[in-house]
2 protein chains.
Amino acid sequence: MNTDYSRAIPEAWQHMSRVFTALGDEHRQRILLTFERGERLNVSQIVAVSTLSRPAVSHHLKILREAGVLGSEKVGKEVFFWVNKPFLAETFDNTRAYLEEHL
Amino acid sequence: MNTDYSRAIPEAWQHMSRVFTALGDEHRQRILLTFERGERLNVSQIVAVSTLSRPAVSHHLKILREAGVLGSEKVGKEVFFWVNKPFLAETFDNTRAYLEEHL
DNA sequence: ACTATATGTCTAGACATTTCGACGTATAGA
DNA sequence: TCTATACGTCGAAATGTCTAGACATATAGT
């Protein structure tokens, strides 16, 4: 039984924590699943297929970006988003490895 | 761009959704990390190392159990919990595979 | 400089989650 | 049956999250 609550949570778990929070919402899951392989979408495109208002979509995109799930780049007037696949893959792999090793 | 919002979300994602929600909370992460390899803990033990009240811990344990993250069994007066490692491993693997295949 | 387009931010209200005390249930032992 | 222990549940209050309108910023074209 590990009673040391003050110890630093493993880095893989810190990443995973934000990913869990970011993807624990159905709207954000749908946004993620809107992307097809290697695709880049701007905000208007995502709003168009969403049932939410633009500010709400912007809010969710911010959470996904800050969690590292999505990357973004501004090109002219538009901001393009894409799935940060290497980050997601690494985070899942790290969590999987931590599970095997400690739990 | 996938615009089909009505289609069924893949089963691996449905599992993962609940796991994300369940583990997207710091208290629940700490509860999970309290367990050591193969360990079974009763509610009182978990409450003892938590900063939360028993009803609050009970609430979080219920969410973790319903998400499949923890298993539980009543033995006499006590209810023991343990980490459902095979389920977690499978869920992470499925999500990892979905990521590679579709995103 | 002016206008239109694309996006982000702020704020208030709506909504959902979390928390804990109080109460109820179940089991074991005297 | 009575008492003590271990849990779960209910309900109200506190807290947190989400949403959308209004406003602000930034870019491109005229």
Side-chain angles (χ1 to χ4, degrees), chain A residues 1 3 5 14 16-35 39-84, chain B residues 1 3 5 14 16-35 39-84:
Chain A
M1 187 177 185
T3 61
Y5 269 38
Q14 288 188 14
M16 210 56 196
S17 172
R18 301 179 81 181
V19 174
F20 283 138
T21 303
L23 296 184
D25 178 273
E26 190 180 330
H27 292 305
R28 292 194 281 268
Q29 283 179 44
R30 287 182 171 181
I31 288 174
L32 180 67
L33 294 174
T34 298
F35 288 86
E39 199 174 30
R40 291 162 61 95
L41 300 172
N42 67 32
V43 177
S44 293
Q45 290 176 303
I46 298 167
V47 169
V49 297
S50 170
T51 57
L52 302 177
S53 69
R54 190 173 54 71
V57 170
S58 184
H59 166 72
H60 290 304
L61 287 174
K62 184 178 182 180
I63 291 174
L64 287 167
R65 181 167 46 74
E66 289 181 348
V69 174
L70 298 181
S72 70
E73 182 191 12
K74 185 167 187 175
V75 178
K77 287 180 294 189
E78 301 164 84
V79 174
F80 287 92
F81 285 84
W82 63 88
V83 176
N84 191 345
Chain B
M1 187 174 184
T3 62
Y5 269 38
Q14 288 187 13
M16 211 55 196
S17 171
R18 301 179 81 180
V19 174
F20 283 138
T21 303
L23 295 184
D25 178 272
E26 189 180 330
H27 292 305
R28 291 193 283 267
Q29 284 180 43
R30 285 182 172 181
I31 288 174
L32 180 68
L33 294 175
T34 298
F35 288 85
E39 198 173 31
R40 291 163 61 97
L41 300 172
N42 66 31
V43 177
S44 294
Q45 290 175 303
I46 299 168
V47 170
V49 298
S50 169
T51 58
L52 301 178
S53 70
R54 188 171 54 73
V57 170
S58 184
H59 166 71
H60 291 304
L61 287 173
K62 184 179 182 181
I63 291 174
L64 287 167
R65 180 167 47 74
E66 288 181 348
V69 174
L70 298 181
S72 70
E73 182 191 11
K74 184 168 186 173
V75 178
K77 287 180 294 188
E78 299 163 86
V79 175
F80 287 92
F81 285 83
W82 63 88
V83 177
N84 191 343

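Lettering of chains follows the sequences in order, A, B, ..., and the numbering in each one begins at 1.
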Given [options], the nucleotide with the shortest approach to the side chain of [X]:
X     : options                : result
A:P55 : D:dG21, C:dT19, C:dT27 : D:dG21
A:S44 : C:dT7, D:dA26, C:dT19  : C:dT7
A:V43 : D:dC18, C:dT7, D:dC7   : C:dT7
B:F81 : D:dT9, D:dG8, C:dT18   : D:dG8
B:K77 : C:dT9, D:dA26, D:dA6   : D:dA6
A:H27 : C:dC20, D:dC18, D:dT19 : D:dT19

Does a side-chain N or O of [X] approach OP1 or OP2 of [N] to a distance below 4.0 Å, or not?
X     : N      : result
B:S58 : D:dG8  : yes
B:H60 : C:dT19 : yes
A:R54 : D:dG21 : no

Round to the nearest Å and state the distance from [X] atom [atom1] to [N] atom [atom2].
X     : N      : atom1 : atom2 : result
B:H59 : C:dA16 : NE2   : P     : 15 Å
A:D25 : D:dG16 : CG    : C1'   : 14 Å
B:Q45 : D:dA6  : CD    : C1'   : 12 Å
B:E66 : D:dT9  : CD    : C1'   : 13 Å
A:E78 : D:dT27 : CD    : C1'   : 11 Å
A:Q29 : D:dC18 : CD    : P     : 13 Å
B:K62 : D:dC7  : NZ    : P     : 17 Å
B:I63 : D:dG8  : CD1   : P     : 13 Å

Interatomic spacing from CG in B:L64 to CD1 in B:I46 - rounded to 0.5 Å: 9.0 Å
Nearest heavy atom decides the nucleotide; on that basis, is A:G76 or A:L52 closer to the 5' end of DNA chain D? A:L52
On DNA chain D, check which nucleotide each of A:R28 and B:F80 is closest to and give me the residue with the more 5' one. B:F80
Nearest non-hydrogen partners of A:F80 and A:R40, listed with the distance: CB-NH2, 3.9 Å
Indicate the atoms forming the closest heavy-atom contact of A:W82 with A:E39, along with that distance. CB-O, 3.7 Å
Within the side chain of B:R18, is there an N or O that forms a donor-acceptor pair under 3.5 Å with the backbone of B:E66? yes
If only atom types and distance count, is the side chain of A:T21 paired as donor or acceptor with the main-chain N or O of A:S17 below 3.5 Å? yes
Which part of the nucleic acid does A:R65 contact within heavy-atom distance under 4.0 Å: base, sugar-phosphate only, or nothing? nothing
